[in-house]
Amino acid sequence: MNNILKYNEYKIAGMAMLFTCIITSQQIKAQNMSAADVTQAMQSIYRNYDSIAYLSFDVKFNYTSDTLLGDYANEQLDGSYTMAGKKAKYRLGDIDFMQNESFFIAVYNKDKLMLVDEPKTNNTGNQLPMRQMMDSMAQSYASHYFITGSSIGTDTNVISFDRADSAAQFDKFSITYDNRSKTLCQIAYEYSEPPQLDSTVNYVMAPPDRKRRLTIQYSNYRFDNYEDSVYDENNYIYFERGICKPVTKYDNYKIYNSKPAPELNPDPE
């Protein structure tokens, strides 16, 4: 049971990913947007990622909080991502991911374990980090936010969601993108949560909620057309009589395999 829980924990962690670019220019006056306007803008971006033959970019996650009760958060995580139709290869911190038409493999180098599974999607553009969340903001939760669109200079657009009622999941959510290339620059959201209080302390008054913010930056877009051998599962694993095993490079890694083994040829008589 512990192994199953561990597997699910890592599987969920491996699904996440995001990007952005730093904006310093003056923002012009914002205009109200409808959910339909947001959907139309996002579809133009998705079409770009879905249709391109191959594309690479770098990502940076920055997770911060305000200081409350002497405690605060300030964490960063760097990564890189390559999409090529049904194939993908990316790295977040010390975790490597690879997908081809038959396999999805996540390698957790620090913990020395590997997850092997079916491909997550037929088109890696569908795995664009935060894609489902961006869609849900426009479709399911739009009525709970004030939505505005604004421009920074002539090429950068920003879609902002600001909490309108208590049903809103976030205090703020924003999508920044290049209007010429239809590529994401930044995704950011802010939320509040009750502080963790020390049960041994008598507080004069209840502390305010802690403010937390996650910013994901996309940068250094480029066209890396790697050979198919880069996306070969045999760089990571092999099957021996139906058992999934690591190659020599990962010899001491634990494997959690949820993909059926390839059919074995019957032994010759």
Side-chain angles (χ1 to χ4, degrees), residues 8-24 27 30 33 35 38 42 57-81 90-95 97 108 110-111 127-150 152 156-177 184-201 203-219:
N8 286 331
E9 176 185 344
Y10 282 113
K11 187 172 182 180
I12 292 172
M15 296 289 289
M17 1 199 134
L18 331 161
F19 320 14
T20 33
C21 62
I22 300 175
I23 305 299
T24 58
Q27 181 169 317
M33 295 182 68
V38 176
M42 295 312 303
F57 44 81
D58 297 329
V59 299
K60 182 184 290 291
F61 297 78
N62 191 9
Y63 172 69
T64 61
S65 75
D66 58 1
T67 301
L68 185 65
L69 303 177
D71 182 36
Y72 68 95
N74 186 3
E75 303 174 13
Q76 292 187 1
L77 178 67
D78 295 329
S80 60
Y81 197 96
Y90 50 99
R91 183 177 181 89
L92 287 175
D94 68 339
I95 307 173
F97 302 86
Y108 294 81
K110 180 180 179 180
D111 298 303
Q127 291 191 67
L128 189 65
M130 300 291 284
R131 183 161 176 166
Q132 291 184 347
M133 182 177 288
M134 288 186 286
D135 284 343
S136 68
M137 293 293 290
Q139 299 172 13
S140 302
Y141 297 100
S143 60
H144 303 294
Y145 291 88
F146 298 111
I147 307 175
T148 55
S150 55
I152 300 175
T156 304
N157 288 0
V158 182
I159 301 172
S160 300
F161 299 78
D162 290 276
R163 177 189 293 275
D165 58 41
S166 60
Q169 182 179 5
F170 305 112
D171 297 332
K172 295 182 178 180
F173 186 93
S174 65
I175 302 166
T176 306
Y177 64 97
L184 291 170
C185 295
Q186 174 174 290
I187 300 171
Y189 61 87
E190 300 177 14
Y191 63 98
S192 306
E193 65 179 16
Q196 295 183 347
L197 303 181
D198 187 340
S199 60
T200 65
V201 175
Y203 297 94
V204 176
M205 58 177 11
D209 288 349
R210 183 187 296 275
K211 304 294 185 180
R212 298 187 182 273
R213 177 180 174 86
L214 177 63
T215 302
I216 308 120
Q217 298 176 337
Y218 304 62
S219 63

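Treat the numbers as computed from the prediction; the structure is a model and nothing was measured.
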Could you go through the side-chain contact (heavy atoms from CB on, under 4.5 Å) check for V158 and T148 one step at a time? CA-CA 8 Å; V158 182; T148 55; over 6 Å; no
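A168 approaches H144 most closely through the heavy-atom pair CB-O, 3.6 Å. Scanning all heavy atoms of the two residues, the minimum distance from Y90 to S80 falls at CB-O, 3.0 Å. Contact between S143 and D165 at its shortest, heavy atoms only, is O-OD2, 4.1 Å. Closest non-hydrogen pair, D171 versus S192, comes out as OD2-OG, 2.6 Å. Smallest separation of non-hydrogen atoms from G79 and L92: CA-CD2, 4.1 Å. Contact detail for F170 and E190: the closest heavy-atom pair is CB-O, 3.4 Å.
Atom CG in L214 sits 4.5 Å away from atom OH in Y189 (nearest 0.5 Å). The distance from the CG atom of L184 to the CE atom of M42 is 5.5 Å, given to the nearest 0.5 Å. With values rounded to the nearest 0.5 angstrom, T64 atom OG1 is found 10.0 Å from Q76 atom CD.
Aromatic ring pairs are classed by plane angle as parallel below 30°, tilted from 30° to 60° and perpendicular above 60°; the pair F173 and F161 is perpendicular.
Here the side chains of I175 and N157 are not in contact, with every heavy-atom distance at 4.5 Å or above. The closest side-chain heavy-atom distance from R163 to Y191 is not below 4.5 Å.
D94 pairs by the salt bridge (charged side-chain N to carboxylate O under 4.0 Å, His left out) definition with nothing, not counting sequence neighbours.
With F61 as reference, L77 is the one residue of T215, D78, L77 to meet the side chain to side chain contact (heavy atoms under 4.5 Å, CB included) rule.
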